Amino acid sequence: MTVKHPLLTGASYVLKGASLITKPRLRRFVLIPLAVNIVVFGLGIFALGNVMDWVVGFLPSWLQWARWILWPLFVIASLVVVFYAFSIVANLIASPFNGFLSAAVERYLKDEPRSNERLRLKEISRELARAIFAELRKLIYFIAWAIPCLILFVIPGVNLLAPFVWFLFGAWMLAIEYIDCPLGNHDQPYPVVKQHLVSRRQLALGFGGATMLLTLIPLVNFIAMPVGVAGATALYLDHFAADA
């Protein structure tokens, strides 16, 4: 029997998430996260165009000869920075509805009855309060690590590796973002979410890396959020539920 590497196992749950969001029972829970993603990433694409124009104008005349070398690095860095930043915004806006989607996916995978699947105002308000607090904790964690990662972009020589470091950091943050949905539904606080992921770091990076790649593909990135939530929920049930 062939045993998958944890990175590949984690990445495979993105495909599972893509399959899950097409299920008739789950489609209505996908609509709001999908709408938020379309609006936010539409703004992200517009912002990326402006960033590219700024990058071209930023190069001094004496560096024009190196443009063909630097251009791919600037493109990769801008893609990762802009789209991950907009992922943070999209997840903050849609966070309470991501929790409902995760709960619905969990019921579906456990083959539980469809009782209490209506979105009530009281439940939305309660989930919104919990989700905003959790997102603020994640935002502080993100800023604390993003600053040193971004500094790498301006250090000569080291800046060649900066896009790859940022990609790994973004993959880790997306893993935290989406695994928090099912764990949060089971009253697991944010520090415990990080502990779970640290204990299975390669599995988390495989899932987060595949999700990050999804966010970098135009148009496909519109479904990245619901796919991430659904895939993370399946990942939770298979690898984290027993510990939780």
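Scope of the values below: all heavy atoms of this structure, side chains included, with no hydrogens, waters or symmetry mates. Every value quoted in this text rests on a predicted model; they were computed, and no experiment measured them. Residue indices begin at 1 and follow the sequence shown.
Taking every heavy atom of both residues into account, Leu20 and Ala234 meet most closely at CD1-CB, 4.3 Å. The shortest heavy-atom contact between Cys181 and Asn98 is SG-CB, 3.9 Å. Listed here is the closest heavy atom pair of Phe207 and Thr211: O-OG1, 2.8 Å. Scanning all heavy atoms of the two residues, the minimum distance from Gly209 to Phe167 falls at O-CZ, 3.7 Å. Of all heavy-atom pairs spanning Ala103 and Asn185, the tightest one is N-ND2, 3.5 Å. The minimum heavy-atom distance linking Met212 with Ala171 is given by the pair CE-N, 3.8 Å.
With values rounded to the nearest 0.5 angstrom, Leu183 atom CG is found 7.5 Å from Leu197 atom CG. The CG atom of Leu34 sits 9.0 Å away from the CE atom of Met225 when rounded to the nearest 0.5 Å. Expressed to the nearest 0.5 Å, how far CZ of Arg137 lies from CD1 of Ile176 amounts to 11.5 Å. Put simply, CG on Leu8 and CD on Gln202 are 10.0 Å apart, with the number rounded to the nearest 0.5 Å.
The backbone N or O of Ile21 sits nowhere less than 3.5 Å from a side-chain atom of Arg27 that would complete a donor-acceptor pair.
Using a 3.5 Å distance cut-off with no hydrogens or angles, the side chains of Asp238 and Tyr13 do pair a donor with an acceptor.
Cluster membership for Trp166 and Ile217, using ILVMFWY side-chain heavy atoms within less than 4.5 angstrom, is shared. Connection of Tyr108 to Phe240 is established within a shared hydrophobic cluster, with ILVMFWY side chains joined at heavy-atom distances below 4.5 Å, either directly or through further cluster members. Criterion: ILVMFWY side-chain heavy atoms under 4.5 Å apart, direct or through other members. Under it, Val220 and Val227 are part of a common hydrophobic cluster. Ile151 and Met173 fall within the same hydrophobic cluster, where Ile, Leu, Val, Met, Phe, Trp and Tyr residues are linked whenever their side-chain heavy atoms come under 4.5 Å apart, directly or through other members. Side-chain heavy atoms closer than 4.5 Å link hydrophobic residues (I, L, V, M, F, W, Y) into clusters, and following such links, even through other members, never connects Ile155 to Leu168.
With Leu203 as the fixed residue, the side chain to side chain contact (heavy atoms under 4.5 Å, CB included) test singles out one of Leu7, Leu235, Ile179: Leu235.
Using a 4.5 Å cut-off on side-chain heavy atoms (C-beta onward), Trp172 and Val198 make contact. Side-chain contact check for Leu101 versus Pro226: some heavy-atom pair is nearer than 4.5 Å. Side chains of His196 and Gln188 form a contact here, defined as non-hydrogen atoms less than 4.5 Å apart. Residues Val105 and Val229 form no side-chain contact, since every pair of their non-hydrogen atoms from C-beta on lies 4.5 Å or further apart. Inter-residue side-chain proximity for Leu214 and Val14 is flagged as met; some heavy-atom pair is nearer than 4.5 Å.
Ring centers of His186 and Tyr236: under 6.0 Å apart, within the cut-off.
Using a 30° and 60° split on the angle between ring planes, Phe142 and Phe169 fall in the parallel class, below 30°.
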